[in-house]
Amino acid sequence: MSDRPPLSRQISALQAEILVRRKELDEEVRRGRVKDSQRTFILQSLEAAVDTLKWLQAIEPTLKQRLWNNDQAPAGGCW
């Protein structure tokens, strides 16, 4: 397909970024520059992206097979 990093690496990188952002946002909330609700919204959005990548990782073999097979059921009609 392309030269994009594997999903496991993308997940790890995003999880590391969330840790950094959490520390930064906690400090911003303490200083009064960011509301706690904004902090929560940002972190929940990033964590949802991790969940989406994990879901894609879980179905990756099936997805690749279906794309390779032009989304046609194999002989016998069962995935």
Side-chain angles (χ1 to χ4, degrees):
M1 288 176 119
S2 70
D3 293 333
R4 78 176 61 106
L7 286 173
S8 59
R9 192 166 121 199
Q10 293 178 48
I11 292 166
S12 294
L14 187 52
Q15 287 173 326
E17 185 62 26
I18 290 171
L19 291 175
V20 171
R21 292 287 290 151
R22 177 169 289 149
K23 290 179 184 178
E24 291 174 351
L25 288 166
D26 287 346
E27 182 61 29
E28 294 298 310
V29 168
R30 274 194 290 279
R31 291 180 182 206
R33 294 180 183 162
V34 173
K35 293 179 183 178
D36 190 55
S37 60
Q38 291 171 305
R39 173 197 171 276
T40 300
F41 178 83
I42 292 167
L43 293 175
Q44 285 178 344
S45 298
L46 291 170
E47 289 165 356
V50 169
D51 290 343
T52 300
L53 289 174
K54 285 180 177 181
W55 174 76
L56 282 171
Q57 186 179 39
I59 67 163
E60 185 176 24
T62 301
L63 188 59
K64 284 182 176 180
Q65 176 62 35
R66 290 186 73 171
L67 289 173
W68 180 81
N69 201 29
N70 201 24
D71 204 22
Q72 299 295 317
C78 180
W79 292 109

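The first residue in the sequence is number 1, and the count goes up from there.
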So how far is it from Leu14 CG to Glu47 CD, rounded to the nearest 0.5 Å? 9.5 Å
Quick one: CZ on Arg4 to CD on Gln10, what's the gap to the nearest 0.5 Å? 7.0 Å
Distance check, rounded to the nearest 0.5 Å: Leu25 atom CG versus Lys23 atom NZ? 13.0 Å
Any chance you could measure Asp51, atom CG, to Leu56, atom CG, to the nearest 0.5 Å? 11.0 Å
Do Asp26 and Arg22 have side chains that get closer than 4.5 Å, going by heavy atoms? yes
Check ion pair Glu60-Lys64 (N to O, under 4.0 angstrom): yes
Residues Arg30, Glu27: salt bridge by 4.0 Å N-O rule: yes
Evaluate salt bridge (Lys or Arg N to Asp or Glu O under 4.0 Å) for Glu24 paired with Arg21, printing each intermediate quantity in order. CA-CA 5 Å; Glu24 291 174 351; Arg21 292 287 290 151; 3.5 Å; yes
Hydrophobic clusters here meaning ILVMFWY residues chained together by side-chain heavy-atom distances under 4.5 Å, can you tell me if Ile59 and Leu7 are in one? yes
